[in-house]
Protein chains: 2
Amino acid sequence: MTNYNFSAGPGVLPTPVLTKIKDEFTKNEFTHMSIIEISHRSSQFEEIIASAEERLRDLMNISDDYGVAFIQGGGSTQFEMLPLNFANRKNKIAVLDSGNFAAKAATAATAIGKTAIILDSSKDDKYHHLPMLSPDFHADDYDYLHLTTNNTIEGATYHQDNLPKTTGRMTADMSSNILAEPYDVNQFDAIFAGAQKNLGPAGVTVAIVKKDWLAEQNIQHVGSMLRYQSYLDKHSMYNTPPVFSIYALDLVLEWVQEQGGVDSMYAQNIKKSSKLYDYIDNSSFYQALVDNSARSLTNVVFTTNNLERDQVIAKEAAKAGLFNLNGHRSVGGFRASLYNAQPQEAVDALITFLKKAEKEYK
Amino acid sequence: MTNYNFSAGPGVLPTPVLTKIKDEFTKNEFTHMSIIEISHRSSQFEEIIASAEERLRDLMNISDDYGVAFIQGGGSTQFEMLPLNFANRKNKIAVLDSGNFAAKAATAATAIGKTAIILDSSKDDKYHHLPMLSPDFHADDYDYLHLTTNNTIEGATYHQDNLPKTTGRMTADMSSNILAEPYDVNQFDAIFAGAQKNLGPAGVTVAIVKKDWLAEQNIQHVGSMLRYQSYLDKHSMYNTPPVFSIYALDLVLEWVQEQGGVDSMYAQNIKKSSKLYDYIDNSSFYQALVDNSARSLTNVVFTTNNLERDQVIAKEAAKAGLFNLNGHRSVGGFRASLYNAQPQEAVDALITFLKKAEKEYK
């Protein structure tokens, strides 16, 4: 039995990367040390962190107008760092409430003393469609607009072709679909992504910030660890970085490059997710709830419209080697996460299982 | 040739732990996943993080009066979190400037808008002795006193028997000697330690905070990620924790328990460091600069009183398999870090090498 991991993150990582980490883990032939024993000031690690940045710049076409930082603390720390660093003129940010993590970003901005205005929300629709910018949005009233490109829990996505257009600054939480589909980085003034979905193990977060915007800021009473500038000034080594997570991140980025980059990942992700959505749409037993144009490629959310039955079926799936198909505890149902490292075979196996379950439980 | 790693951190870890991580790394037989692919919400990880806390409580005799948190961001983030959480009445902290990291804690407190008063400093003496509390110290004027138990760079240590005595609150940065020698936790109101010296890989920091002190605080405009309470309320899973680092931490703590706990580590560390200090003291070529009573067990700092020659010798040492003996870039000379995982044989090999170098370079 082959096993597949549909976890929303931390989740599946590329098998060649796992094998390489294991092979290299003890006593590297050059350093005679494990990767978790080397100093972050060693030339070996300096090469790794420089390589990770270079690969990310290559994969996302990040220009020199942007700095790249590797930060600890996950997306939740970014929810605080973004307004601390960038909401200093109006002290006010605009949020499109497209899901749980967008709402959390608004709450975090408020907690640190800024104002967060929810422009539009799809909460009443259980986040099954995307909130949009109204034509009378005045960007000048806010320091920036905060966006979650992919809503990991609820499964709606602002793809490149349905992104809001604004004349103001825009920031994006790309935690669960970075490198899964193409985005033009130049549309954003800051982007971040926790690694543990599409980039590597938990413990490191990537931030991409526009340098001239950062230079404009007058930041008061914020320590170095929450200032992007500290990371940019010191190549993310203001203090000891999470060495292992960055090492693994670099290997995952190398793997993405070897696969042909984001365009190739995108083609694979379209194929995987379409196959699954098509099957669900053609079934009278399962239902995908998110608006067609907004459907996530990475987190496919669906249900039999009976949450207890969903749980029973997800449990059966695990017995069959299809793990972590439960929806997020806040919404129930099913969620199949199809990150870059998820093979086509996983989707095939899932569809085969879902057909069987349909027969059994319908 | 056996190789030894004298790095000040990230540094040497126990070989059995490295072997176990490697052996278990791909496809655990229960979960069919690597440790870096499992969800932090999985029962497997919930057991790991609970185990790590339990082992730390056991090893340090931490009572229920204290909460234990696993936090990202290293000691530098703790330099900001401590005053943000605990300097809310006087908005003022007292610092004994015993080394670079104590000075950094003072700078960080100032950066977030608090006042940091250096009560005493040994900077003019290159931190070769310990600054002390004067008898007229008024603890009531400050929210707390900040202490660095072991000064990783300069090599002076407040051991249990030369700790300052205060009637007020006291916090300790134990990053480089936690579990290396015994301390009575009850003397402190908060303790923290970055893992990457004595506890495991970089990427996680342990914080031990007194619950009743935390409950007294009125914290304004600080986000959840910088509040200890968020970590205590959610068992360090307010958001995705650094899964791999906590897993490795748990294995290191298990290893320390198997070795007989802190008392046994302490006996080993006394033996290792005494052997080295004795050799240095009896040599007319090398010199240990720190006051005898304040000498670190974990970071042995010494020199031939010729910084260029020290560098040449450290380079020769690396060729002989004795790595990372250079002193910190800010002070030069030699630094031999003798953390718990450093075997006695490493010290023996180092002394043999130093004798040889003495003959050659004297």
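Every heavy atom of this structure was used, including side-chain atoms; hydrogens, water molecules and symmetry mates were not. Model, not experiment: these values are computed from the prediction. The sequence lines fix the lettering, A, B, ..., with proteins before strands; numbering per chain opens at 1.
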Greatest number of heavy atom pairs closer than 4.5 Å to chain A - which of [options]:
| options | value |
| --- | --- |
| His221(B), Lys104(B), Gln196(B) | His221(B) |
| Ala8(B), Ala108(B), Ala109(B), Gly203(B) | Gly203(B) |
| Ser42(B), Gly11(B), Ala195(B) | Gly11(B) |

Selection from [options] maximising heavy-atom pairs under 4.5 Å formed with chain B:
| options | result |
| --- | --- |
| Pro242(A), Gly73(A), Ala248(A), Ala202(A) | Gly73(A) |
| Pro201(A), Gly113(A), Ala341(A), Pro10(A) | Pro10(A) |
| Ser76(A), Gly74(A), Ser7(A) | Ser76(A) |

Portion of Val243(B) that has a non-hydrogen atom of chain A nearer than 4.5 angstrom: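 Both backbone and side chain.
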Interchain contact, Leu226(B) with chain A, by part (heavy-atom threshold 4.5 Å):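 For Leu226(B), heavy atoms of backbone and side chain both lie under 4.5 Å from chain A.
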Taking the side chain as every heavy atom from C-beta outward, state whether [X] and [Y] have any pair of such atoms under 4.5 Å apart.
| X | Y | value |
| --- | --- | --- |
| Asp173(B) | Phe192(B) | yes |
| Ile71(A) | Tyr228(A) | yes |
| Phe79(B) | Ser224(A) | no |

Polar side chain donor-acceptor pair, [X] to [Y], under 3.5 angstrom:
| X | Y | answer |
| --- | --- | --- |
| Gln220(A) | Asn218(A) | yes |
| Tyr247(B) | Gln44(B) | no |
| Tyr339(B) | Asn299(B) | yes |
| Thr298(B) | Asn177(B) | no |

Interchain contact, Val12(A) with chain B, by part (heavy-atom threshold 4.5 Å):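 Val12(A) touches chain B through backbone and side-chain heavy atoms alike.
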Contacting moiety of Ile112(A), where chain B heavy atoms sit under 4.5 Å: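 The answer is both parts of Ile112(A).
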